[in-house]
Amino acid sequence: MATLLYRIGHFAYQRAGLVLGIWAILLVGILGSGVALGGQTQESYAIPGTESQDTIDKLGEVFPQAAGAAVQVVYTAPDGASVTDEPYRTAIVDIAAELADVPGVDSVLTPYDEYASGAISDDSESAFSQVQLSGLSTDVTAETLDDVTATRDIAEQAGLEVAFGGQVFQDNTFGITISEVLGLIFAGVVLVITFGSLASAGMPLLMALIGVGVAIGGITVISAFVPVSSTAPMLALMLGLAVGIDYVLFILSRHRTQLANGVEPHDSAASAVATAGSAVVFAGITVIIALLGLLVVGIPFLSVMGLGAALAVLVSIFVAVTLLPAVLGLAKGRLTPKTGSRAHHRATRPDTGRPTLGHRWVNLVLRAPVVAVLLVVGVLGTLAIPALSLDLNLPDGASEPAGSTQREAFTMLKEGFGPGYNGPLIVVVDITQTTDIFGDLDTIGAALRTLPGVAFVGKGTPNPTVDTAIIQVMPDSAPNAPETKALVQAIRDLATSIDDDLRTPIAVTGATAVSIDISNRLSNALVPFALIVVGLSIILLTMVFRSIFVPIKAALGFLLSVAASIGATVAIFQWGWFSELLGVETPGPILSFLPILLMAVLFGLAMDYEVFLVSGMREEFVKTGLARESIVHGFSHAARVVTAAALIMFFVFFAFVPEGTGAIKGIAFALAVGVFLDAFLVRMTLVPAAMALAGDAAWWLPRWLSRILPNVDIEGEGLRRHLADKEWAISQPHAITAEGAVFGLPESPFGPLDLTIDAGAVVVLTGSATHRRVVAATLAGRLDPVFGRLQVMGFPLPSERSRALRAVALADVGDSRDNGLTVGELLAERLDLAHPWYRAASRRSLLAGWIARLNGALGTPSSGRDAGPIVAGTTVSSLSALGRAAVHLTAALTETPGVVIVDLGEGLPVDPAGRDLVQVLAILAPASTALIVGAASFPEAIAVYRGARPLQTLELDSRDRKALQR
């Protein structure tokens with residue numbers, strides 16, 4: 001990982017203009033596409049596979065008039081007046097007539113119609129009309145809604161107070177308010193304090209805004225094709241800003257520290273992307289995996305939210321590892337802290353002078369680690385107590401912005417009729433098997449009235465085809481009240497007895513029932529999802545830190561943070577504590593998907609801080625073996641950056657609380673509290689205290705588990721080894737150099753081997769077939785050396801095996817299988833593999849050139865199998881052993897390698913014409929290409945070869961390999 005990121009950072013730094021141009025085109029293109037496609041957010045809380053959703057889908061087929069979106073027009077007469085009096089009655093009827101003519105309106109039911117029983121309040125001061133729209137709420141146009149609300153003037157002229165309610169009026173817009181701007185300003189202040197430089201402080205903000213722009217543009221494009229909740233882009237905006245700033249902060253902080261210590265800007269940028277960028281990629285991937293875990297819940301709108309947020313995090317990762325080094329390439333060394341500044345002092349002399357706040361804090365914690373652990377657990381446990389009364393539900397009209405028409409309609413219905421009229425339940429009856437339709441509907445209505453919590457039951461209304469009927473049930477309680485959930489379950493329990501008695505199956509649906517089903521599914525998924533996230537964190541951290549204690553401690557701390565965050569959210573948003581201070585106008589149930597979303601996002605952020613704090617501890621422990629000193633050292637070096645990152649996260653998240661919509665307000669608060677508690681109590685207090693108590697055991701990992709787990713190398717140990725090997729390889733003047741190289745597999749090695757092979761040299765290699773093949777595969781980058789140093793054409797192995805693959809070609813002439821190929825076919829296959837497709841036109845001339853070179857090296861014997869020149873149609877099997885060997889070498893040479901390895905099998909073939917195979921192969925290979933010829937034995941090879949190339953011999957099966965290389 002670190003090596004790959006180093007190469008990416010190196011490329012972006014060198015090609016700054018190209019990378020910046022690509023990002024500019026991407027940003028403008030994706031934002032322009034979103035605007036051109038006209039994508040808009042819309043609420044669609046569909047939940048396939050539940051009774052309520054399946055019933056809605058069925059109504060859409062058999063009773064479309066009842067399945068479409070609906071609008072409630074709520075009227076209130078002046079005090080002491082009645083909606084049945086004039087001129088109020090006439091105004092309400094006139095409004096209904098106007099509404100019936102609006103395009104997109106299917107039907108209008110006034111309070112005075114036969115089937116509108118219960119539409120006039122007991123005191124006659126309030127009433128409502130039911131407007132049925134064509135299609136679902138996602139299909140309703142803005143023009144239709146404008147025409148509907150335009151009828152308001154008729155009621156107001158008559159003296160009526162009127163409001164329009166329904167899901168179609170939900171606030172689906174999103175945007176940045178002054179509070180979000182203040183959050184960015186606070187983040188900027190933290191960055192200025194952290195870096196001591198305006199230019200450095202502005203860079204994370206700029207990078208984050210570019211990433212957010214791309215992510216929001218992508219979500220806007222997607223919203224043109226699928227329903228996207230308004231919460232999705234707001235969540236992406238909030239999360240994209242937070243992680244975008246943090247990820248750039250981590251890399252930029254490492255870069256400036258290295259610059260202050262004299263590292264060249266180019267090397268510093270690439271290595272900062274490689275080391276700090278590895279932690280960024282790891283943390284980002286954990287967030288993405290957790291967000292994609294929302295797909296398993298099976299709720300479409302939540303899946304879209306998870307995908308949108310994951311896209312924002314993914315873009316932030318790419319910005320940090322590609323765009324940032326490109327910008328650093330433009331800045332060059334101008335970001336180096338000024339000599340004598342606090343930033344320069346901290347970077348160059350971190351362990352001398354006045355102790356930092358982080359150093360003093362960790363020493364304070366380690367004085368009494370047991371006390372620190374008990375205090376943190378006690379505080380978080382206390383904050384988590386309210387979570388035991390967690391009540392989940394989807395937002396209703398009460399969560400809409402004050403002054404909105406839906407909020408007004410919600411309040412008027414609640415005051416005039418009772419809270420249950422804001423969440424009517426629709427009981428759907430299958431009447432295909434009954435002969436007494438109205439009698440059975442009356443019986444079902446009477447049974448429904450006996451249920452506790454029922455305020456009103458309407459008349460049964462059959463559809464035109466008389467196979468389905470609906471009965472409207474008004475609860476006594478509010479849509480999000482626990483009593484309403486109990487009533488829905490009671491109706492479903494009643495369904496069995498009604499079906500047995502009347503043969504008329506019933507099902508309950510409606511927006512309230514759908515909301516309840518979503519909440520139930522999310523509640524049931526909460527524990528399995530938590531287990532998945534915790535299990536994932538343990539596996540990932542075990543790979544990173546090679547420890548059992550560290551991941552278990554991190555997972556338990558994460559659960560404490562989540563529980564405390566949910567508890568604080570319940571206390572304020574559900575219980576109403578201090579709700580006025582945060583602008584929570586109507587405390588009530590917590591958003592159904594908030595706990596799962598909180599776990600998904602906070603998981604990645606917590607692992608982010610864990611990695612940056614503990615990786616330094618592990619690196620120091622590996623060097624010194626001193627557990628306590630490693631904790632102090634690692635914490636002191638990472639505390640400042642982690643503190644800045646956590647404060648930025650907190651400010652960005654919390655900025656969405658005062659002015660956020662009802663849904664995003666609770667999510668933002670939970671994330672802000674979660675980040676604060678996890679960073680400062682868990683990661684910066686509980687973690688060092690717990691690791692101090694564990695001592696050396698904190699880094700214990702069973703050997704069998706160490707062998708199974710892949711090595712992530714997040715600290716960049718492999719990168720440092722690669723850079724050292726690369727520097728050594730570049731300094732070598734030889735085509736191949738081996739120093740103490742051990743070949744084979746760890747369980748069956750052979751070596752060590754020291755050798756140097758010059759460009760253009762001829763090497764005669766002898767030994768067993770197994771050893772020869774292992775050496776050839778290793779030199780060609782197909783097999784890693786077990787130990788030692790090895791370079792081929794300036795590329796160290798194994799870290800640059802991909803380049804060695806292109807620099808070394810293999811020719812196994814000991815394999816006599818040729819499948820009847822001609823010389824032209826064999827050479828053409830290798831030419832196709834070695835040259836790009838756009839050079840296919842020149843293949844014929846290349847083929848002719850190689851055949852001519854082949855004939856020049858072989859000569860033209862007057863007799864024997866090779867009599868006459870070789871042509872493209874000559875079959876390989878018709879040639880002599882020497883001819884076949886020459887053809888296979890020629891095929892390998894078409895790849896234009898720097899080294900070619902030819903294996904002859906058991907020995908040097910004897911040519912009837914007296915030609916020397918090694919001489920022929922040496923003539924074929926270009927003068928700069930090193931030629932390695934391997935066989936079981938070469939009894940006469942050295943004696944007969946008298947070419948101008950330097951000759952070396954190497955016996956692999958000898959114990960003293962240094963002595964036998966000559």
Side-chain angles (χ1 to χ4, degrees), residues 51-52 54-56 58-59 62-63 65-67 70 72 107 109-124 126-130 132 413-414 416-479 481-517:
E51 177 182 317
S52 57
D54 291 344
T55 305
I56 287 179
K58 179 182 177 181
L59 278 179
V62 301
F63 207 158
Q65 299 88 343
Q72 284 180 316
S107 63
L109 194 66
T110 70
Y112 317 110
D113 290 337
E114 177 184 358
Y115 291 101
S117 53
I120 299 176
S121 63
D122 293 338
D123 59 7
S124 298
S126 300
F128 63 87
S129 295
Q130 192 76 11
Q132 199 68 38
L413 278 175
K414 179 180 178 181
F417 295 88
Y421 276 71
N422 280 302
L425 303 175
I426 307 298
V427 177
V428 180
V429 186
D430 184 348
I431 54 176
T432 55
Q433 304 301 317
T434 179
T435 57
D436 185 9
I437 294 175
F438 289 100
D440 287 348
L441 290 177
D442 290 341
T443 301
I444 295 172
L448 292 172
R449 291 184 186 92
T450 64
L451 297 177
V454 172
F456 175 81
V457 177
K459 294 182 179 179
T461 306
N463 64 345
T465 56
V466 197
D467 56 18
T468 304
I470 60 172
I471 301 174
Q472 193 174 58
V473 177
M474 299 294 187
D476 266 332
S477 50
E483 294 81 4
T484 305
K485 296 180 181 180
L487 176 58
V488 170
Q489 187 58 48
I491 295 174
R492 289 171 175 169
D493 294 339
L494 183 65
T496 302
S497 60
I498 290 177
D499 190 16
D500 292 340
D501 296 340
L502 305 175
R503 300 297 178 187
T504 54
I506 69 170
V508 62
T509 187
T512 300
V514 170
S515 174
I516 291 171
D517 285 343

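Put simply, CG on L441 and CD1 on I431 are 6.0 Å apart, with the number rounded to the nearest 0.5 Å. Going from atom CD1 of I56 over to atom CD1 of I426 covers 9.5 Å, rounded to the nearest 0.5 Å. Atom CZ of F456 and atom CD of Q472 lie 7.5 Å apart (nearest 0.5 Å).
Smallest separation of non-hydrogen atoms from G458 and I471: O-CG2, 3.4 Å. Closest approach of G460 and P462 over heavy atoms only: O-CD, 3.8 Å. For the residue pair S124 and I120, the shortest heavy atom distance occurs at CA-CG2, 4.0 Å.
With sequence neighbours excluded, the residues forming a side-chain contact (heavy atoms from CB on, under 4.5 Å) with S129 are V73, Y75, I92, T110, P111, listed by chain and number. Remark: P475 pairs with L425, S477, T484, L487 by the side-chain contact (heavy atoms from CB on, under 4.5 Å) rule, at least two apart or across chains. Every residue two or more places apart in sequence or in another chain was checked for a side chain to side chain donor-acceptor pair (under 3.5 Å) with D476, and none qualifies.
Side-chain contact between V454 and M474 is absent, with no heavy-atom pair separated by less than 4.5 Å. Y421 places a side-chain heavy atom less than 4.5 Å from the side chain of F128. For the pair T465/V62, no side-chain contact is recorded, criterion being any heavy-atom separation below 4.5 Å from C-beta on. Side-chain atoms of L59 and I470, non-hydrogen and from C-beta on, do get closer than 4.5 Å to each other.
Among residues at least two apart or in separate chains, side chain to side chain donor-acceptor pair (under 3.5 Å) pairs with a member in residues 423-439 are D430-T432, T434-D440. A salt bridge (charged side-chain N to carboxylate O under 4.0 Å, His left out) check over residues 488-500, counting only residues at least two apart or in different chains, returns the pairs E51-R492, R492-D517.
Without hydrogens or angle criteria, T509 side chain to S52 main chain gives a donor-acceptor distance under 3.5 Å. N422 places no side-chain N or O within 3.5 Å of a backbone atom of L413 that could act as its donor or acceptor partner.
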Contacts table for residues 442-449: side-chain donor-acceptor under 3.5 angstrom, sequence neighbours left out:
unit_1: T443; atom_1: OG1; unit_2: G439; atom_2: O; d: 2.9
unit_1: R449; atom_1: NH1; unit_2: G445; atom_2: O; d: 3.3
unit_1: R449; atom_1: NH2; unit_2: V457; atom_2: O; d: 3.3

